Amino acid sequence: MSFFDDLLPPETLAGVRAKVVATAQAAGLTTITSWAKGGTGEQMLQTGALVAYVFTGIVAKVVRGFASLDTATDPGDVDAFDPDNVSRTPARGFLSWLGENGFGTVREDATFATGVYTFANAGPGSRTFGPDALIFTWTSNTPPSPAPTYRNAADSTIYTNPDGTVTVAAGDSIDLPVRAEEVGARSSCPSSSLSLTTTLVGCSGTNAAPIVGADREDADVFRARCRQAPARVSLGGPSAAYRYLAAKNLDGTPLINAVGAASAINRVYVSEDSSTGVVNAYYASASGPASSDDVTAANDNIESQAFAVPDAITFTGVAATATTIHVAGSVKIKAKAGVTAAAVKLAILLALGRKFSSNDFAPIGGLDQTAGAGFIYTVDIQSVVAAAFPGIYDPVISAPGGASTAIALGHVPVLDSDALDWLVTVVP
Amino acid sequence: MATDFGTDIACVYDADAFFSTTSGIDLVRQDAIHRLLTDDILGDDGTGSLVIAGWGYDVRRLLGMPASRLASMQPVLSEVLTRDERVDSADVTLTSRTVRGLTDVLVEVVGRTADGAFSFVLSSLDRVTL
């Protein structure tokens, strides 16, 4: 065991209790283990053990927070040493502060989905309302459950009545900025998804364009960006500089594209060997090829930095091309409380979705690359499925066939799988 | 010869500055009072837990209970008290009363041990009467 191995994992409560009891026995309290539970002295001992346990946890947490990027976490992140951390409300913590203060890189926060709802009043009378007075719900295009809700956001150019309201005459319509009530990408919906929930007779409408929000920057993506950050001081245009500047400004703040959204690029491939001075970059987001707005923002940001694109270098950056991988199969699981085929299928789809959106599992060009072209291995997909829900056994992948799927240069693997692709056998 | 019921810090609601100790039937009475003021205690229930749930029964939860239901709680509290292996049996009487316009439940306990009986009265308004 190394110095850090001893300090990183927290002590267990049982371990602390045992140490406190051993200390008390060494001090002469030899009958301590036969104390009546609930007695005053016994409860004082338990209090001391509990305080020591909490303190050791704090010490271990602080050590993990500064030992490395891999052990530092923010509340809401998966923490290998603290199973409860992932359930906490997302907030800035050790990982964000280590990244910002040690690597000059800011972790992107989650954003509320925002967009425009076209509100139509068919009459018979006019309607007057203020900001936040109307509730909309995502009702079309397969909303998640429970369905996200939205409110009409404040806008001084719209709510121009002296009392801060707006009046929509009968027969008129108006474009209202709307904002989700729940932060994050879960409230992102396609066009024509919203409907008016507040009861207003004669009023209706929908959103002509998608409503878009973003989750907090993934912890592993942020860690990778922090490691790329030192490339900003290079004079040689290293590939890490391209990867970094594809989604971050030089000062480490999130790169904002032309439509005002933070760049969603989380995977970048940069050609690293050229005898002609040509550098090609391919960009992808968690859902697949990067959007045109993000590609433009990334290219502008990269090309504006002379250290990234030195003289005599020809740089091109484009969105990666999607290589769709249809994944299907079957699993078995023993029946017990809480185990349903639907729950297991959902867990499989969520696990695959997380992996296919990550650079570790599904980088642009795949794994084991030769000249930028690699593979996604079916056995790795099987491993993800096997670990998706406790108790799964005998996972069989029927698609993709073969041991691997080839991913060409500049291509990003994109998952194609839904509940109908999975057979879950619940064994009595 | 008196039965050894153990020795502990004398502390019904608080200990004195010297952390004086108590033993014998006084200790059993003190622990019985705690059983009726505490639902859970710190400790390992055998699973590495933080607390031992259901160790006692906090009688303050009886406040506001209809008088017709109080009688059914008496054997429940008797069983709670006899969880202490030093208590052979316990009689519990619950009386609903109103004091200065405030509803209260009077808890009268008579417990029996190998060395004799002990008694106490609990009231949310007047603390414990020994």
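Please read all numbers here as calculations on a predicted model, not as lab measurements. Naming: A, B, ... by sequence-line order, numbering from 1 per chain.
With a 4.5 angstrom heavy-atom cutoff, Leu27(B) does not touch chain A via any of its atoms.
Phe81(A) CZ: more than 12 foreign heavy atoms inside a 6.0 Å radius. Around the CZ atom of Phe18(B), the shell of radius 6.0 Å holds no more than 12 heavy atoms that belong to other residues, nucleotides or ligands. Residue-environment remark: NZ (Lys355(A)) stays at or below the threshold of 12 foreign heavy atoms within 6.0 Å.
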Less than 3.5 Å apart and able to act as donor and acceptor by atom type: which atom pairs between chain A and chain B qualify?
| from | atom 1 | to | atom 2 | distance (Å) |
| --- | --- | --- | --- | --- |
| Arg17(A) | NH1 | Ser49(B) | O | 3.0 |
| Arg17(A) | NH2 | Gly43(B) | O | 3.3 |
| Arg17(A) | NH2 | Ser49(B) | O | 3.1 |
| Arg17(A) | NH2 | Leu50(B) | O | 3.3 |
| Lys37(A) | O | Trp55(B) | NE1 | 3.3 |
| Thr40(A) | N | Asp8(B) | OD2 | 2.7 |
| Thr40(A) | OG1 | Gln30(B) | NE2 | 3.3 |
| Gly41(A) | N | Asp8(B) | OD1 | 2.9 |
| Gly41(A) | N | Asp8(B) | OD2 | 3.4 |
| Gln43(A) | OE1 | Leu42(B) | N | 3.0 |
| Gln43(A) | NE2 | Leu42(B) | O | 2.9 |

